[in-house]
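Here is the structure we will look at.
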Amino acid sequence: NAAAPATVAVPALEAPPARILVADDSPLNRLLLEAMLGKLGIRDVVTVTDGEEAVAAAAGGGIDLIFMDVQMPGVDGHEATRRIRAQAAVSPRPVIIAVTAEAMKGDRERCLDAGMEDYLTKPVRLDEVRRVLLQWTGVRQA
């Protein structure tokens with residue numbers, strides 16, 4: 001007899017209008033992050049497949065937080081972040097969170113030096129996404 005899988009209780013969040021951008025070249029990673037955000041009550045999620053698209057989406061304004069994959073073909077997450085930070089007219093200034101499989105000494109610092117505010121390692125967990133939302137947006141514990 002196999003035990004039924006345990007369900008994880010996810011406390012509700014009070015989510016003010018927040019627009020989240022997920023930039024990742026992996027369709028699965030985009031889907032997983034979007035599903036996690038949905039589970040946490042975030043409905044306004046835009047997804048893009050590379051750094052160029054992330055820069056363009058941020059240039060339009062209205063993005064509150066970006067989950068930025070670090071390793072993408074073409075314009076990587078570091079360069080995309082530098083370009084977004086160089087766009088002085090972008091308002092509000094989006095919070096950029098590195099999402100990466102890179103977990104070696106110095107990787108986090110390189111992300112912060114590029115202009116990212118925080119750093120998550122893959123595989124990303126729901127509790128980490130929740131922490132980021134609570135720390136960097138107007139989202140509150142319900």
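Computed over heavy atoms, backbone and side chain alike; hydrogens, waters and symmetry mates excluded.
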Within this structure, what is the NE2-CZ distance for the pair H78 and R83, rounded to the nearest 0.5 Å? 14.0 Å

Pairing of E128 and R125 as salt bridge, 4.0 angstrom limit: yes

Step-by-step side chain to side chain contact (heavy atoms under 4.5 Å, CB included) determination, R131 to L120: CA-CA 10 Å; R131 178 196 59 81; L120 299 178; 3.6 Å; yes

Specify the closest pair of heavy atoms between V48 and A57, including all atoms of both residues, with the distance to one decimal. CG1-CB, 4.5 Å

Starting at CZ of R82, measure out to CG of D113 and round the result to the nearest 0.5 Å. 9.5 Å

Where do C111 and V70 come nearest, in terms of heavy atoms and distance? SG-CG2, 3.8 Å

Close side-chain approach of Q135 to D118, heavy-atom, < 4.5 Å: yes

First locate atom CZ of R93, then atom CZ of R85, and finally report the distance between them rounded to the nearest 0.5 Å. 3.5 Å

Are any of the side-chain nitrogens in R19 or D64 under 4.0 Å away from the carboxylate oxygens of its partner? no

Is the shortest side-chain heavy-atom distance between Y119 and V99 below 4.5 Å? no

Within this structure, what is the CZ-CD1 distance for the pair R43 and I20, rounded to the nearest 0.5 Å? 12.5 Å

If you round to the nearest 0.5 Å, how far is OG1 of T49 from CG of D24? 9.5 Å

In the structure I gave you, are the side-chain heavy atoms of P94 and L65 within less than 4.5 Å of one another anywhere? no

Can you tell me how far apart CG (L133) and CD1 (I97) are? Round to the nearest 0.5 Å. 8.5 Å

Shortest non-hydrogen pair, A58 vs I66, comes out as CB-CD1, 4.3 Å

Side-chain contact, heavy-atom cut-off 4.5 Å: V22 with V45? yes

Looking only at heavy atoms, what is the nearest atom pair of I84 and M68, with distance? CD1-CE, 3.8 Å

State, with a plain yes or no, whether a side-chain heavy atom of D107 is found less than 4.5 Å away from one of T100. no

If two hydrophobic side chains count as joined below 4.5 Å and joins carry through other members, does V46 share a cluster with V75? no

Do K39 and L126 pass the side chain to side chain contact (heavy atoms under 4.5 Å, CB included) test, and can you show the C-alpha distance, the side-chain angles, and the key distance before you say yes or no? CA-CA 9 Å; K39 188 167 189 155; L126 183 60; 3.9 Å; yes

Do R30 and D25 meet the salt-bridge criterion of a basic N to acidic O distance under 4.0 Å? no

Do I96 and F67 make a side-chain contact, defined as non-hydrogen atoms from C-beta onward lying under 4.5 Å apart? no

Apply the test side chain to side chain contact (heavy atoms under 4.5 Å, CB included) to residues V124 and V129: give CA-CA distance (whole Å), side-chain angles for both, the deciding distance (0.1 Å), then the verdict. CA-CA 7 Å; V124 175; V129 174; 3.4 Å; yes

Looking at every non-hydrogen atom in both residues, tell me the closest pair between M116 and G77 and how far apart they are. CE-O, 3.4 Å

